[in-house]
Protein chains: 2
Amino acid sequence: MNKLPPDPAPATRLDRSQRSGPTIRDVARAAGVSIGTVSKALNNAGTLKQETRERVAEAARALGFRPNDLAQALHRGQSFTVGLISNDSFGRFTMPILEGLESVLHDERIAVFMCNATDDPEREREHLEQLMGKRVDGLVFTARRADRRPSVGVNLGDLPTVFVFSQSDDPRSFCLLPDDEGGAYLGARHLVATGGRRIAHVTGPERFEAVRLRRDGYRRALAEAGLDWRDDFFLPGEWSEQWGRQAVDILFSSTAAAPDSILAGNDQIARGILDALRDRGLNVPGQVGVVGFDNWGVMVEAARPRLTSIDMNLSTLGQEAGRRILRMIGGEHFSGVERLPCTLMVRESCGAQAKTLFQEARST
Amino acid sequence: MNKLPPDPAPATRLDRSQRSGPTIRDVARAAGVSIGTVSKALNNAGTLKQETRERVAEAARALGFRPNDLAQALHRGQSFTVGLISNDSFGRFTMPILEGLESVLHDERIAVFMCNATDDPEREREHLEQLMGKRVDGLVFTARRADRRPSVGVNLGDLPTVFVFSQSDDPRSFCLLPDDEGGAYLGARHLVATGGRRIAHVTGPERFEAVRLRRDGYRRALAEAGLDWRDDFFLPGEWSEQWGRQAVDILFSSTAAAPDSILAGNDQIARGILDALRDRGLNVPGQVGVVGFDNWGVMVEAARPRLTSIDMNLSTLGQEAGRRILRMIGGEHFSGVERLPCTLMVRESCGAQAKTLFQEARST
DNA sequence: ATGAAAGCGCTAACAG
DNA sequence: CTGTTAGCGCTTTCAT
């Protein structure tokens with residue numbers, strides 16, 4: 001029965017005849033109709049007798065026929081795929097975004113190629129070449145932090161592209177970001193509302209745009225509450241627990257005017273702050289209220305007490321990215337930066353008692 | 001010149017003529033040769049005059065020609081794509097695996113469709129259908145924890161499939177896992193080597209196979225050191241910091257025979273242990289040595305002191321998965337379970353002083 | 001050394 | 001209502 005393999009061939013090449021299932025031709029034969037009829041029946045197109053549709057459907061099912069998307073793609077000039085280029089090797093930010101993106105695209109039958117560039121421009125270029133070769137219908141860029149990034153030298157033509165949690169230096173491109181300013185405002189306002197008068201802000205490196213925007217939100221909340229900005233209460237540093245602990249040492253070295261509240265630039269910093277306060281015997285939230293940023297499950301839940309934090313709604317961001325790219329594929333154009341609201345998640349480190357009041361607060 | 005669009009059509013359909021770049025036909029025209037010649041020239045196939053090759057290459061470059069992989073795939077019956085189905089929505093384990101997998105596959109010009117099933121069988125089935133439609137050349141399954149999983153009812157034919165960090169209940173399938181037993185053995189042996197005599201093991205739920213295997217490795221190290229197994233020193237529970245803290249309360253409630261070393265089932269538990277020991281005023285590693293499992297950067301670095309931990313080498317696991325699937329695509333067959341060694345990463349929570357001796361230790 | 005032509009599996013326009 | 005056919009962009013014999 002089996003003819004012996006006539007050609008050993010390169011091992012990485014498939015023996016096509018083996019793997020690929022029945023074709024539309026086989027279905028046509030089985031149902032006793034023409035190829036065109038099968039196509040119409042299976043796509044609910046054209047005008048066919050109900051009985052024919054059923055006969056074809058039946059034959060297709062019996063054979064286990066599954067249309068070949070590649071052929072379809074070739075014909076339609078649309079591949080039903082988009083590429084996702086990520087520079088967040090750790091996945092902390094990319095995964096929720098991907099989840100949202102994918103859930104939206106999946107409904108339109110389009111699949112996502114995920115590529116990890118890990119900040120290597122050469123690698124990114126290669127990935128882009130590959131994706132272009134695969135004729136993706138769109139492109140999504142993601143990065144670890146929301147800062148500008150130079151476009152690598154690949155001609156994308158007018159391929160629909162969106163930058164999520166990441167920015168392009170090309171003003172014509174479209175960027176989707178969390179509302180950092182509003183998020184920080186929300187956190188600081190919550191600290192005010194729970195009685196804070198001396199509110200410090202311990203955050204990441206000032207070269208991050210997110211750090212500057214969050215600072216602005218913090219400042220706005222202070223102003224609104226009639227509180228003065230104090231240079232010694234704004235501490236940019238690193239995104240680490242280590243820095244959070246160190247910042248507490250700085251803030252509380254002179255007990256004179258130590259803060260009664262701290263807004264952290266991320267949850268890791270917040271956790272460091274909590275640990276250091278604990279070491280000093282200071283009660284949270286009794287003596288000091290603490291609010292984090294990111295609402296990173298593993299951090300906020302493990303913290304003692306559990307951490308109140310700002311959620312950037314990354315999954316929603318991903319969903320919106322999906323919706324936009326679909327519209328762009330449909331011919332619409334977008335450009336500029338759009339920001340989506342953050343949400344305050346209240347837990348015990350600050351204001352859990354005022355839960356009903358603030359839990360739903362959203363920025364913007 | 002342009003004829004007006006005769007059909008407004010669904011907005012999500014591409015206007016093909018716009019987007020797709022030059023075809024091989026355009027190159028042929030530009031270079032003044034036939035289509036077949038262009039194909040040969042670009043693929044270094046057949047036998048062509050050197051000058052012709054160059055002329056074609058030049059024309060292709062000038063036009064910015066990029067071969068259409070879809071057409072190629074249709075012809076060859078190989079799509080140069082594989083699907084990755086992940087059930088680890090959090091990404092903690094999937095990302096490193098994906099990174100390794102992708103780096104290997106990328107070199108063979110094959111791209112990865114990433115699909116998130118988040119433990120929803122229906123969703124997984126849909127993804128599989130979609131991937132089959134796209135004629136992926138292979139399939140990789142990943143899960144959050146290395147436990148058996150039922151196969152969803154989709155006929156995969158003889159499509160090359162590998163389960164990484166995850167298992168199938170079909171004995172014919174191929175599974176790639178970390179050597180949990182060996183990893184735990186490594187950790188426990190290290191605790192022995194640094195002077196531990198009363199070594200406890202605080203870990204996750206016993207229904208996880210990984211928990212049982214790690215327990216076995218722990219037991220083997222004890223036996224090898226002539227130490228007795230003690231039921232009260234083996235504490236299965238949850239994968240949380242909370243549980244780590246609680247376990248310390250249990251272990252040290254009677255100061256009588258408290259442990260001098262603790263092997264944790266993961267880094268979160270280990271971190272909880274460290275915090276609780278600290279609360280009790282116990283010095284690590286002076287009074288109690290602690291070893292974690294996972295070597296999760298954000299945990300081990302933030303811990304005080306920094307955490308000695310077992311690395312499962314997930315990226316390597318992903319690479320191996322990539323190599324195997326390539327070989328399977330090439331026609332080879334694999335089945336059964338294979339385990340790759342873990343590595344001990346020594347830090348201050350136990351034995352950093354003995355660094356040179358154990359840092360490179362590998363299981364198996 | 002190069003060209004011509006037959007598909008890969010499917011869709012859509014046009015006949016019948 | 002259904003069949004026929006011309007491609008989609010590329011590879012690969014087989015002629016020339």
Side-chain angles (χ1 to χ4, degrees), chain A residues 6-7 9-10 13-29 31-56 60 63 65-80 132-135 137, chain B residues 3 6-7 9-10 13-29 31-56 60 63 65-80 132-135:
Chain A
D7 179 11
R13 184 140 301 169
L14 282 185
D15 179 355
R16 167 176 354 145
S17 55
Q18 302 275 53
R19 198 108 52 200
S20 68
T23 74
I24 198 173
R25 180 180 239 105
D26 300 321
V27 178
R29 216 183 323 259
V33 295
S34 78
I35 286 183
T37 303
V38 174
S39 176
K40 281 166 209 149
L42 263 31
N43 297 313
N44 283 320
T47 137
L48 292 178
K49 225 190 319 181
Q50 185 57 24
E51 188 251 322
T52 313
R53 281 194 201 285
E54 278 160 15
R55 193 149 38 91
V56 170
L63 285 162
F65 171 72
R66 201 191 313 268
N68 185 332
D69 283 0
L70 277 68
Q72 216 163 297
L74 182 57
H75 179 89
R76 297 226 251 243
Q78 183 178 0
S79 63
F80 285 93
M132 297 299 283
K134 295 211 180 301
R135 296 297 189 269
D137 300 326
Chain B
K3 45 185 170 188
D7 179 12
R13 186 140 299 169
L14 280 184
D15 180 356
R16 169 178 348 148
S17 56
Q18 304 273 52
R19 199 108 55 199
S20 68
T23 74
I24 199 173
R25 179 179 241 105
D26 300 320
V27 178
R29 218 185 320 263
V33 295
S34 78
I35 287 181
T37 304
V38 173
S39 175
K40 283 164 206 151
L42 262 32
N43 297 313
N44 283 320
T47 142
L48 256 44
K49 225 189 319 182
Q50 185 57 24
E51 189 250 319
T52 312
R53 279 191 203 286
E54 279 158 15
R55 193 150 38 90
V56 171
L63 285 163
F65 170 73
R66 200 190 316 268
N68 184 333
D69 284 358
L70 277 70
Q72 216 164 294
L74 182 58
H75 180 88
R76 295 225 253 246
Q78 183 179 2
S79 63
F80 285 94
M132 296 300 283
K134 295 210 178 305
R135 297 296 190 268

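Throughout, a chain's letter reflects where its sequence line sits, starting with A, and its residues are numbered from 1. When reading the values below, keep in mind they use all heavy atoms of this one structure, side chains included, and skip hydrogens, waters and symmetry mates.
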Please give the angle, rounded to 10 degrees, between the axes at the start and the end of the helix from dA1(C)-dT16(D) to dG16(C)-dC1(D), where five pairs define each axis.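 About 50° separates the two local helix axes.
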All heavy atoms of S79(B) vs all of A73(B), minimum pair found to be CA-CB, 3.7 Å
Might you point out which heavy atoms bring D26(B) and P22(B) nearest each other, and give the distance in Å? OD2-CA, 3.2 Å
Pick from L48(A), V33(A), T47(A), I35(A): which one makes a side-chain contact (heavy atoms from CB on, under 4.5 Å) with K40(A)? L48(A)
Side-chain atoms of F65(A) come closest, of dA12(C), dC10(C), dC10(D), to dC10(C)
Residue T47(A), side-chain atoms from C-beta onward, closest of dT2(D), dC10(D), dT11(D):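 Among the listed nucleotides, the one closest to the side chain of T47(A) is dT2(D).
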Distance in angstrom units between [X] [atom1] and [N] [atom2], rounded:
X      : N       : atom1 : atom2 : answer
D26(A) : dC8(C)  : CG    : P     : 11 Å
L74(A) : dA6(D)  : CG    : P     : 18 Å
R55(A) : dT2(D)  : CZ    : P     : 8 Å
N44(B) : dC10(D) : CG    : C1'   : 16 Å
R29(A) : dG9(C)  : CZ    : P     : 12 Å
R76(A) : dG9(C)  : CZ    : P     : 18 Å
R53(B) : dT2(C)  : CZ    : C1'   : 12 Å
F80(A) : dT11(C) : CZ    : P     : 11 Å

Let me spell it out: for each of A71(B) and Q50(B), pick the nucleotide of DNA chain C with the closest heavy atom. Which residue's pick is nearer the 5' end?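 Comparing both residues, the 5'-ward one is Q50(B).
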Can you work out whether Q72(B) or G46(A) has the more 5'-proximal nearest nucleotide on DNA chain D? G46(A)
CD on E54(A) to CD on E51(A), rounded to 0.5 Å: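 CD of E54(A) is found 7.5 Å from CD of E51(A).
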To the closest 0.5 Å, what do you measure between CD1 (I24(B)) and CZ (R29(B))?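 If I round to the nearest 0.5 Å, the distance is 12.5 Å.
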Would you indicate what T23(A) reaches in the nucleic acid, counting non-hydrogen atoms under 4.0 angstrom: base, sugar-phosphate, or nothing? sugar-phosphate
Phosphate-side-chain proximity, N43(A) and dT11(C), N/O vs OP1/OP2 below 4.0 Å: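 For N43(A), the contact criterion (side-chain N or O under 4.0 Å from OP1 or OP2 of dT11(C)) is met.
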Below 4.0 Å: OP1/OP2 of dA1(C) and any side-chain N or O of T52(B):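 Result: no.
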With sequence neighbours left out, what residues match K134(A) under salt bridge (Lys or Arg N to Asp or Glu O under 4.0 Å)?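 K134(A): salt bridge (Lys or Arg N to Asp or Glu O under 4.0 Å) contacts with D69(B).
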Taking only residues two or more places apart in sequence, or in another chain, which ones meet R25(A) in a salt bridge (Lys or Arg N to Asp or Glu O under 4.0 Å)?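 Residues passing salt bridge (Lys or Arg N to Asp or Glu O under 4.0 Å) with R25(A): none at all.
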Given F65(A) and V38(A), is the side chain to side chain contact (heavy atoms under 4.5 Å, CB included) satisfied, shown in steps? CA-CA 11 Å; F65(A) 171 72; V38(A) 174; 5.5 Å; no
For N68(B), what residues pass the side-chain contact (heavy atoms from CB on, under 4.5 Å) criterion, not counting sequence neighbours?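 With sequence neighbours excluded, N68(B) shows a side-chain contact (heavy atoms from CB on, under 4.5 Å) to L74(A), R135(A), L70(B), A71(B), given in chain and number order.
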Please list, pair by pair, any protein nitrogen or oxygen found under 3.5 Å from a nitrogen or oxygen in nucleotides 3-7 of chain C.
residue: dG3(C); atom: OP2; partner: S34(B); partner atom: N; Å: 2.8
residue: dG3(C); atom: OP2; partner: S34(B); partner atom: OG; Å: 3.1
residue: dG3(C); atom: OP2; partner: T37(B); partner atom: OG1; Å: 2.6
residue: dG3(C); atom: O6; partner: K40(B); partner atom: NZ; Å: 2.8
residue: dG7(C); atom: N2; partner: H75(B); partner atom: ND1; Å: 3.0

